[in-house]
Protein chains: 2
Amino acid sequence: MVSIKQVAKQAGVSFKTVSRVVNNDPNVREETRARVQEAIAALNYRPNRAARMMRNQQSGVIGFISDEVVTQPYAGDLLIGAQEVASQHDKVLMVVNIENDRIGRQRAIDMLLERRVEALVYASYYHKEVQVPQEMLQVPSVLVNCYAENETLTTFIPDEVQAGYDATRLLLEQGHKRIGHITLNPDIIAAVKRLEGYREALAEAGIAYDPQLIVQGESRFDEAGDSASVEKAVAELLKLTHQPTAFVCGKDEFAMQAYFEFAKRGLQVGRDIAVTSFDNQRMIAPGLSPGLTTMALPHFEMGQAAMNSIFNQGDDMVTRLIPFSVIERQSHLLKN
Amino acid sequence: MVSIKQVAKQAGVSFKTVSRVVNNDPNVREETRARVQEAIAALNYRPNRAARMMRNQQSGVIGFISDEVVTQPYAGDLLIGAQEVASQHDKVLMVVNIENDRIGRQRAIDMLLERRVEALVYASYYHKEVQVPQEMLQVPSVLVNCYAENETLTTFIPDEVQAGYDATRLLLEQGHKRIGHITLNPDIIAAVKRLEGYREALAEAGIAYDPQLIVQGESRFDEAGDSASVEKAVAELLKLTHQPTAFVCGKDEFAMQAYFEFAKRGLQVGRDIAVTSFDNQRMIAPGLSPGLTTMALPHFEMGQAAMNSIFNQGDDMVTRLIPFSVIERQSHLLKN
DNA sequence: CCATTTATTGACAACGTTGTCAAATACTAG
DNA sequence: CTAGTATTTGACAACGTTGTCAATAAATGG
């Protein structure tokens, strides 16, 4: 690899002069500058960031520890959002994926700290509680899509309550009074919070909460994607004497399966029954017919917000709720 | 940040001795080693990789340029596969996402080369042709999920022909003779190659190719997820006098929509009609009923293979096809 | 043309490491 | 106890940069 000294030799100047040219120092005679630039081009010189960093003690790198983020559909948007902001500040991300300790979390953090990352982002692939390793505190750090028991770090999490509220309100606004809710596994925070939002919306509309309308869409030990639970859930809700006319589904997969269950019974979403859901899986929601109205997780926004908070060290140690976006398609409407 | 010299002072030795302890040099008296280790722990010292790198001219970093890989569902597995192998060799990935030049490709490559990455992986989110920037050739590089016009780089791409062949053969093995194929947009390489595989499988089985059985599932300018095209495609195929008894769907979304079309007509997958598909979208395929038999893109394997080829510089400038995995669920079977 | 001032350039140290080699210390045998 | 050897330690240079400051060259004014 060619260094600044070789360029200097080629241009017939001291290496310090080359440094000046590289850094756009105005105190260089034009003629010299041109000569140096020529040499730089000729030798295809590229400054060495590691050496530069050693002088000014800045790595320009931000560590991004992802707890399976990238394997999850669209959660990669979190990465993209973070990168976008980082790159505006001339920083790069060093991404380490720690999947169930395949590479231990400890090792990841050590690696990143040895590389003198200027900050750390710890992102989880679904909203959950995590243990924050002590070492993270040595460097500005934020948590995304997860939170720590002892609120030691700035945290960005999706506003599940709002999402549950909005998903329900969309249906209330259409005049529905009996709204079924097929919930996620209650071990998941999202399940609990969204239900909370659902109840808030009902309360606001002056509708009594009826526990019969809440059915779990996945058994605690379900394999991902097992459709039997949703089948049962829909059956149960439709068996009620006072049938629901609308459904809030815990995720788009549930909605998809519910569509099938409705179809079996000759019910049609958009005519006989209204549906809202969560996640905006781009592979599912737009492809259903009618298109599924669903609450999109603010992955991109959380990534941006997290990174912004790193650069604006003013506000610290807060937990910020990032709102979901309402993706309105047609499934929440009934046309007749 | 604490440096080796401060540790040395604390332990009352020269900084070179600390260096030896850090690097597990056996030529250190046990007593001294203990003293140094104590100081290291006390000061929470961590070696500076950038400085280390400057000496031995190795950054330990591999650049991963992703052309929207992480936004694509499960394509993030590519990253994971790559990281797994990299980390076995004690390297880290520096990931830069270049989405339609939001951060220019040029800037990404400059950044990575300034950081003296030891190699570059260029990954595209769907199998397509790319222009390889000249600079990539300065460093060992591989292409993943995309290929260059002038085959200048080692390339790893999914074996679309095999996938098409397997998806078709699964159905042929069940005795189907009339197999419909709903294809992707023909601008996409996958569409063309999978059809090729389909034809190979038919030919092998001694069944004549019937162009009437091939229908495009998305118009050239379709928005992602528009379901109208599949609706029409299925209708067209079922209208044929000599109806198909099995369908090869271009992707899992098509299959999902086809399931709905069949349901509308009282046809049931697994009883009246058999289906195979591509992608193994974990949000869709297992949740359909019956579970969708589909060909999983070898993202993880491509990531691994790409990284392995970087470390085994023996074989160069080859194009390697990585096979899809056949994910057998029930949709290709008919039980009666 | 000389004395100043100003613009341009270069020598050198430093950043935190590791490699080379020499110095110091500890151990062994006679 | 001494010489000789083996072990342990440290001084110094180097990696590729940038900051500090001094040295040189060019420009200005009288």
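Just so you know, these numbers use all the heavy atoms, side chains as well, and skip hydrogens, waters and symmetry mates. Just so it is clear, the structure is predicted and the values come from calculations on it, not from any experiment. Chain A is the first sequence line, chain B the second, and so forth, proteins listed ahead of strands; every chain is numbered from 1.
For C:dT9, one of the phosphate oxygens OP1 or OP2 lies less than 4.0 angstrom from a side-chain nitrogen or oxygen of A:T32. For D:dT9, neither phosphate oxygen OP1 nor OP2 lies less than 4.0 angstrom from any side-chain nitrogen or oxygen of B:S14. Within the 4.0 Å cut-off from OP1 or OP2 of D:dT18, at least one side-chain nitrogen or oxygen of A:N23 is found.
Between the P atom of C:dC15 and the CG atom of A:N48 lies a distance of 18 Å, rounded to the nearest Å. Look at CD on A:E31: it is 15 Å from P on D:dA25, rounded to the nearest Å. Following rounding to the nearest Å, A:I4 (CD1) and C:dG10 (P) show an atom-to-atom distance of 12 Å. Distance, B:M54 CE to C:dA14 P: 15 Å, rounded to whole Å. Taking atom NZ of residue A:K9 and atom C1' of nucleotide C:dG10, one finds them 18 Å apart after rounding to whole Å. If you measure from atom CZ of A:R55 to atom P of C:dC15, you get 8 Å, rounded to the nearest angstrom. As rounded to whole Å, 18 Å separates atom P of C:dG16 from atom CZ of A:R52. Per the geometry, CZ belonging to A:F15 stands 11 Å off P belonging to D:dG16, to the nearest Å.
Residue B:V22 is classed as having no contact, given no heavy-atom separation below 4.0 Å to the nucleic acid. In this structure, A:N27 reaches the bases: a heavy-atom distance under 4.0 Å links it to at least one base atom across the strands shown. Heavy atoms of A:R33 sit nowhere under 4.0 angstrom from any nucleic acid atom.
At a threshold of 4.0 Å, the pair A:E30-A:R33 counts as salt-bridged, since one of the basic side-chain nitrogens sits closer than that to a carboxylate oxygen.
Although no hydrogens or angles enter the test, the distance criterion places a donor-acceptor pair under 3.5 Å between the side chain of A:R35 and the main chain of A:A11. With hydrogens and angles disregarded, a donor-acceptor distance shorter than 3.5 Å links the side chain of B:D25 to the backbone of B:N27. Distance alone, capped at 3.5 Å, is enough to place a donor-acceptor pair between the B:N145 side chain and the B:S124 backbone. With hydrogens and angles ignored, the 3.5 Å screen pairs no side-chain donor or acceptor of A:E118 with any backbone N or O of A:I62.
Proximity note for B:K16 (side chain, C-beta onward) versus D:dA11, C:dT9, C:dA11: the nearest is D:dA11. The listed nucleotides are C:dT17, C:dT9, C:dC15; the one nearest the side chain of A:T17 is C:dT9. Listed nucleotides: C:dG10, C:dT17, D:dT18. Nearest to the side chain of B:K5: C:dT17. The side chain of A:Q57 approaches C:dC15 more closely than any other nucleotide in the set D:dT18, D:dT9, C:dC15. With C:dT18, C:dT9, D:dG16 as the choices, the nucleotide that has an atom nearest any side-chain atom of A:R20 turns out to be C:dT9.
Ring geometry for A:Y147 versus A:H127: interplanar angle over 60°, hence perpendicular rather than tilted (30 to 60°).
Each of A:E30 and B:V2 lies near DNA chain C, and the nucleotide nearest A:E30 is the one positioned closer to the 5' end. Between A:R29 and A:Q6, the residue anchored closer to the 5' end of DNA chain D is A:Q6, taking for each the nucleotide with the nearest heavy atom. Comparing B:P26 and B:A51 against DNA chain D, the residue whose closest nucleotide sits nearer the 5' end is B:P26.
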